[in-house]
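Please read the structure below before turning to the comments.
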Amino acid sequence: MTEKKDGFVKEITPKSEDFSQWYVDVCRKADLMDYAPVKGCMVIKPYGYSLWENIKEGLDRRIKATGHVNAYFPLFIPESYLQKEAEHVEGFAPEVAWVTHGGAEELHERLAVRPTSETIICAMYSRWIQSWRDLPVLINQWANVVRWEKATRPFLRTTEFLWQEGHTAHRTAEEAEEETLRMLEVYRDFVETDLSIPVVVGRKTEGEKFAGAVHTYTIEALMSDGRALQAATSHNLGQHFAKVFDITFLDQDDQLKHVWQTSWGMTTRIIGALIMVHGDDRGLVLPPKVAPIQVVIVPIAPQKERERVLAEARALQRELEEHLRTHLDDRDEYTPGWKFNEWEMRGVPLRIEIGPRDIERGQVVLVRRDGGAKTPVSRSGLVDVVKGFLDDIQKSRWQKAKQFMEENTRTAGSVDELKAIMEDKRGFVLGGWCGEGSCEDAVKEETGATIRCIPLAEPGWKGEKCICCGGHASHTVYFARAY
RNA sequence: CGGGGCGUAGCGCAGUUUGGUCAGCGCGCCUGCUUUGGGAGCAGGAGGCCCCCGGUUCGAAUCCGGGCGCCCCGACCA
């Protein structure tokens, strides 16, 4: 696997040869994660975790800017709590991990390791909320959750994963709906702006919505193998949980009422999306805004000039690190060429090479991860130039992904057409839908594609008839095979 | 839960068909010297419960039973 070609090392299975293997190779070669001893669990290694921290920071900032505060609820949920909301139990029961013993003693009531925190949080809200003056409650938590999955893949589906879950309670149905959409927009903005991943914004069908929700909104992204991935969801819970957990408040009109609730989340799965949207045959490609290292400096230091070059490289680093996440790779045991390949596999957006030749000319060489173009740049005023490059890389990631999504969004008038597209090209397919679950199921059975969402914005093409039954299409929806 | 693949040095693998100089290779690691603009070279060196348990046999990495684990692909989920 280590043979060279075009000067680049091939340690990664080409995408075109085996996409799944490519994905796993990138996860490992980019040093994002390692497999843990427990089935379906992984270690998020420092480089991967640093990426997650940057994602967290960008999203957390937006969550707080919309008036939410962070809190932390317990990992363990009494079984009886989980049982309260019928749809919710049914949805999560098959994948809950249970704690049955504390030390040697068997527990009187089993404890669920949270698969999501609606129930425990609602139980607390019912104690905290009494008056309309207590509303809205706008709380978010960053936590780990566990879902006992049968088939797992790094980042995309792991037994334990990290996420953020927002849980809010409101006075009116309208306010809850506004909140649900507000947070959907927060996700869209974050994913599109910081991750350069274009998404389709829409509502889930009854069959695809969250267990216990009135309805679920989603942002759906398209991976470079043509499969869709749900990047984040926002649920309008209505009063389902409020009723079973007895979350009531006395309103201004002296009436006792149930609150209206929402919940919304984004997970470490988004890292999988980042890999699959931007990565290439040489490895990871990271958008500068979330890259753990935005700029890596690789000194070209022949023995005789070693000290001189390193001194320059260090000066360069001091200058840049005030503004950017910078790393100087001054390891002596690797050659420059080795380092080039290494940092490219790890997706660092911009590399700066500095060697004796550059010092003579008062310049450095900038090399973009996307495209790999080498540009000599004057040493003076470098910070602004580098920032300009990073902005441009962020933008061009976006444009490339956007173009890919547009080119891979097709239309179908029948199940046969959809099926042909799914077998050949995949991607998003717009089609008419009558609104019946039976047609949704039949399409899935026949083509492997599910309804990813009913878009909120006009998709620019209208399906007149249901692609399945031929009846009147009440919606034009996005179909895709999904992760 | 179905289908496939795989467990031998830190990693990637060969060896298993046909039991016996079979504990091997590449990378990595350690020491030294020479090197440094796209994974450097030479020399020397360290490193093993061959996944686990049982059986067959004079003898098992290899054959037979039974476990366990991991990966991939499908169905369910973020």
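In this text the structure is predicted, and so the values were computed from the model without any measurement. Quick note on labels: first sequence line is chain A, next is B, and so on, each numbered from 1. Note that these values count all heavy atoms, side chains included, but never hydrogens, waters or copies made by symmetry.
- Side-chain N/O atoms of A:K444 include one lying less than 4.0 angstrom from OP1 or OP2 on B:C76.
- Between the side chain of A:W22 and the backbone N or O of A:D280 there is at least one donor-acceptor pair closer than 3.5 Å.
- Between the C1' atoms of B:G69 and B:C52, the separation comes to 10 Å (whole Å).
- Pairing for B:U31 is with B:A43, a Watson-Crick or G-U wobble pair whose two hydrogen-bonding atom distances lie under 3.5 Å.
- Comparing B:G37, B:A75, B:G38 by their nearest atom to the side chain of A:N341 picks out B:G38.
- With sequence neighbours excluded, the residues that form a side chain to side chain donor-acceptor pair (under 3.5 Å) with A:S224 are A:K15.
- Between A:K150 atom NZ and B:C1 atom P there is a gap of 8 Å when expressed in whole angstrom units.
- Taking atom P in both B:U31 and B:G67, the straight-line distance is 48 Å, to the nearest Å.
- Rounding to whole angstrom units, CD of residue A:E149 and P of B:C1 are separated by 14 Å.
- Following rounding to the nearest Å, A:Y483 (OH) and B:G74 (C1') show an atom-to-atom distance of 13 Å.
- Taking 4.5 Å as the limit, some side-chain heavy atom of A:W52 sits within range of a side-chain heavy atom of A:I270.
- A side-chain N or O of A:T168 and one of A:T262 form a donor-acceptor pair less than 3.5 Å apart.
- No donor-acceptor contact under 3.5 angstrom links the side chains of A:E118 and A:H240, judged on distance only.
- A:I270 comes within contact range of no nucleotide atom at all, as no heavy-atom separation falls under 4.0 Å.
- If you check every strand for non-hydrogen atoms under 4.0 Å, A:R227 touches sugar and phosphate atoms only.
- Closest heavy-atom contact between A:T116 and A:E165: OG1-OE1, 3.7 Å.
- Across B:G26 and B:A43, the matching P atoms stand 12 Å from one another, rounded to whole Å.
- Using Watson-Crick or G-U wobble geometry with both donor-acceptor distances under 3.5 Å, B:G74 finds its partner in B:C1.
- Taking atom CZ of residue A:R306 and atom C1' of nucleotide B:U35, one finds them 12 Å apart after rounding to whole Å.
- Across the protein-nucleic acid pair, A:F19 atom CZ and B:G74 atom C1' stand 17 Å apart, rounded to whole Å.
- Here the separation of B:G37 from B:C25, taken at their C1' atoms, is 33 Å to the nearest Å.
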Anything under 3.5 Å between a protein N or O and an N or O of nucleotides 69-71 of chain B, put it in a table, one pair a line.
{"from": "B:C70", "atom 1": "OP1", "to": "A:K39", "atom 2": "N", "distance (Å)": "2.6"}

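- Pairing of B:A14, defined by two Watson-Crick or G-U wobble distances under 3.5 Å, is not identified with any nucleotide.
- Regarding A:K304, its NZ atom lies at a distance of 16 Å from the C1' atom of B:G37, rounded to whole Å.
- Remark: the separation of the C1' atoms in B:G12 and B:C29 is 15 Å, to the nearest Å.
- Rounded to an integer number of Å, the gap from A:E360 CD to B:G37 C1' is 14 Å.
- When both distances must be under 3.5 Å, the Watson-Crick or G-U wobble mate of B:A23 does not exist.
- At least one test fails for A:R452 against the ring of A:W433: distance under 6.0 Å to the centre or angle within 45° of the axis.
- Contact annotation for A:A151: base contact, defined as any heavy-atom pair under 4.0 Å involving a base atom.
- Of the listed nucleotides (B:G37, B:G74, B:G38), B:G38 has the atom at the smallest distance from the side chain of A:E344.
- Residue A:V186 is tested with A:L181, A:V191, A:T66 for a side chain to side chain contact (heavy atoms under 4.5 Å, CB included); the sole match is A:T66.
- Searching all strands for a Watson-Crick or G-U wobble partner of B:U56 with both distances below 3.5 Å returns nothing.
- Within residues 351-359 of chain A, the residues that place at least one heavy atom under 4.0 Å from RNA chain B are, in residue-number order, A:R351, A:E353, A:G355, A:P356, A:R357, A:D358.
- In summary, of the residues considered (A:K45, A:M345, A:M33), a side chain to side chain contact (heavy atoms under 4.5 Å, CB included) with A:R28 occurs for A:M33 alone.
- The shortest distance between the side-chain N/O atoms of A:R481 and the OP1/OP2 oxygens of B:A75 is not below 4.0 Å.
- With hydrogens and angles ignored, a donor-acceptor pair under 3.5 angstrom links the side chain of A:K374 to the base of B:G38.
- Between B:U8 and B:C13, the distance separating the two P atoms is 9 Å to the nearest Å.
- For A:K209 and A:E206, the salt-bridge test passes: some basic side-chain N is under 4.0 Å from an acidic carboxylate O.
- Across B:C29, B:C1, B:C76, the shortest atom-to-atom separation from the side chain of A:Y334 is found for B:C29.
- Closest to the side chain of A:P302, from the set B:C77, B:A40, B:U36, is B:U36.
- Pair check for B:G69 finds B:C6; Watson-Crick or G-U wobble, both atom distances under 3.5 Å.
- Remark: the separation of the P atoms in B:C51 and B:U17 is 15 Å, to the nearest Å.
- If you take atom C1' in B:C11 and the same atom in B:C70, they sit 15 Å apart, rounded to whole Å.
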Determine whether A:S117 and A:Q141 satisfy the following criterion, side-chain hydrogen bond (donor to acceptor under 3.5 Å, both in side chains), listing intermediate values before the conclusion.
CA-CA 9 Å; A:S117 303; A:Q141 93 165 338; 3.2 Å; yes

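- Annotation: of the two residues near RNA chain B, A:R153 and A:R157, the 5′-most nearest-nucleotide partner is A:R153.
- No option in A:H68, A:H167, A:K64 other than A:H68 meets the side chain to side chain contact (heavy atoms under 4.5 Å, CB included) test with A:L138.
- If you check every strand for non-hydrogen atoms under 4.0 Å, A:D18 touches nothing.
- In this structure, A:E95 reaches the sugar-phosphate backbone alone: every heavy-atom distance under 4.0 Å involves primed, P, OP1 or OP2 atoms, never a base.
- Remark: P of B:A40 and NZ of A:K339 are 11 Å apart, rounded to the nearest angstrom.
- Other residues, nucleotides and ligands contribute over 12 non-hydrogen atoms within 6.0 Å of the CD atom of A:E360.
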